[in-house]
Amino acid sequence: MNNGFQRHRRLRRSESMRALVRETVLRKEDLIYPLFIVEGENVKQEVGSMPGVYHYSLDRLHEELEEIVGLGIQSIIVFGVPQHKDEKGSSAYADDGIVQKSITYVKENYPQLTVIADTCLCQYTDHGHCGVIHDGDVLNDESLALLAETAVSQAKAGADIIAPSNMMDGFVAAIRAGLDEAGYQDIPIMSYAVKYASSFYGPFRDAAHSSPQFGDRKTYQMDPSNRMEAIREAQSDYEEGADFLMVKPALAYLDIMRELKDRFPLPLVAYNVSGEYSMIKAAALNGWVDEQAIVMEKLTSMKRAGADLIITYFAKDAARYIGEN
Ligand code: PBG
């Protein structure tokens, strides 16, 4: 020490010096891009509340996939937006369901892409909840069988990873058992272990047509006020055999990410959700913020908080920025 203080600025004097000591770096391999696939033909339609995000029908999906592959993105997560909805969400586990057909199409034509299947019922049920309903309540154990069936149908279609987002208790154990029984013991489970009942999902529900038709999701998704509960949720999914843990949403829950990263030796995924995307897009479209700088800062903050991977609607933009540097 000189003059009684330390010179931290020594390591910030030039871009190359800053690069030399940079602790957190976002890589293209860290990015997972979400896709919304609708039934019908010749559809490419922008989601109203998510500028730059589109609904595609299967016959035009190659346009999006070419761009993704060209940018060097290696992983996608697929959401089906079905035409048919019923009480038990039967199109979620139909062999010819929109998500199953999409997975098979992608794996046949872009085998290098890792395809993650979101395993939930809410886009497929007419009531919009993530499980089976009885007397206005979402039944836990009765929903597990349908979720396991959905996961198996997705694995059968060719999914590389199963990502259950439904927040029923015991879903990892049930899905693991279902996959193993069907011969898919090598397919990993990326558990939405810690998923909060968040207002940041608004634009997604617009995109996936998955708003609950009555009530809300607070009896199964977590209370945003809770930290210890997140540890309990992650602990049980870890014990049930999850291969990845996820925290969702990301930005308002960076403390929870760090908490999980320090406690569980599994790859950690951040879901940078729709509302987090739309807020930045809206500000950027108004010229109020520097979009590129803000996107990179916030994605880097998730990695710094402990995320290994990030599901983000900014994946294409971020891959472009990384490519330019
Ligand atoms: C389905 C599901 C949701 C999201 C991903 N999977 C919505 C919800 O729980 O209502 C939200 C993703 C986003 O906001 O980007 N259960």
Side-chain angles (χ1 to χ4, degrees), residues 31-37 47-55 76-82 85 89 91-93 98-99 116-125 127-133 138 140 143-144 146-147 150-151 154 159 161-168 171-172 175 189-224 233 244 246-253 269-282 298-299 302 307 309-316:
L31 303 167
I32 300 169
Y33 190 62
L35 292 180
F36 296 102
I37 303 140
V47 176
S49 51
M50 301 179 73
V53 172
Y54 293 83
H55 278 155
I76 56 172
I77 182 164
V78 289
F79 294 95
V81 187
K85 295 180 190 246
S91 54
Y93 38 89
I98 182 67
V99 116
I116 305 169
D118 180 270
T119 305
C120 198
L121 298 178
C122 59
Q123 289 113 272
Y124 307 91
T125 49
H127 45 74
H129 279 286
C130 306
V132 185
I133 301 286
V138 181
N140 195 83
S143 302
L144 294 177
L146 298 184
L147 291 163
T150 303
Q154 292 168 335
I161 299 177
I162 297 299
S165 61
N166 53 83
M167 289 300 278
M168 296 300 114
F171 70 77
V172 174
I175 288 174
I189 295 176
M190 180 182 282
S191 173
Y192 285 67
V194 177
K195 178 172 177 180
Y196 287 93
S198 169
S199 303
F200 286 98
Y201 306 149
F204 174 93
R205 293 181 186 170
D206 187 17
H209 305 158
S210 65
S211 291
Q213 298 304 301
F214 67 89
D216 53 39
R217 303 208 204 290
K218 291 181 184 171
T219 67
Y220 43 107
Q221 298 182 350
M222 287 174 49
D223 182 337
E233 279 281 1
F244 300 78
M246 194 191 300
V247 174
K248 176 183 177 186
L251 267 196
Y253 300 89
V269 187
Y271 198 139
N272 176 211
V273 302
S274 55
E276 300 174 324
Y277 172 85
S278 300
M279 290 193 308
I280 288 185
K281 274 289 173 192
K298 95 179 188 139
L299 295 177
M302 293 166 203
L309 305 170
I310 306 171
I311 301 176
T312 178
Y313 305 95
F314 284 117
K316 292 195 295 185

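For ligands, and for the atoms within them, numbers begin at 1 and follow the listed sequence.
- Ligand 1 is approached by C122 to a heavy-atom distance shorter than 4.0 Å.
- Here the shortest heavy-atom pairing between A208 and Q123 reads O-CG, 3.5 Å.
- The aromatic ring centres of F204 and F36 sit less than 6.0 Å apart.
- Residue D118 touches ligand 1 through its side chain alone, judged by heavy-atom distances below 4.0 Å.
- The nearest protein atom to atom 5 (C) of ligand 1, hydrogens excluded, is given as K248 NZ, 2.6 Å; this is a heavy-atom distance.
- Across all non-hydrogen atoms, the minimal contact from Y192 to P164 is CD1-O, 3.0 Å.
- Looking at atom 16 (N) of ligand 1, its nearest protein heavy atom turns out to be K195 NZ, 2.9 Å.
- For the pair Q213 (side chain) and S211 (backbone), a donor-acceptor distance under 3.5 Å is present.
- Residue nearest to atom 7 (C) of ligand 1, selected from F200, F79, F204: F204 (by heavy-atom distance).
- Residue-level proximity to ligand 1 for S165 is carried by backbone and side chain together, each with a heavy atom below 4.0 angstrom.
- Among protein heavy atoms, atom 15 (O) of ligand 1 sits closest to Y313 OH, 2.6 Å.
- Between S274 and ligand 1, a contact under 3.5 Å exists for at least one N or O pair.
- Closest heavy-atom contact between H129 and H127: N-ND1, 3.1 Å.
- A cation-pi arrangement, defined by a distance under 6.0 Å to the six-membered ring centre and an angle within 45 degrees of its axis, is absent between K195 and Y271.
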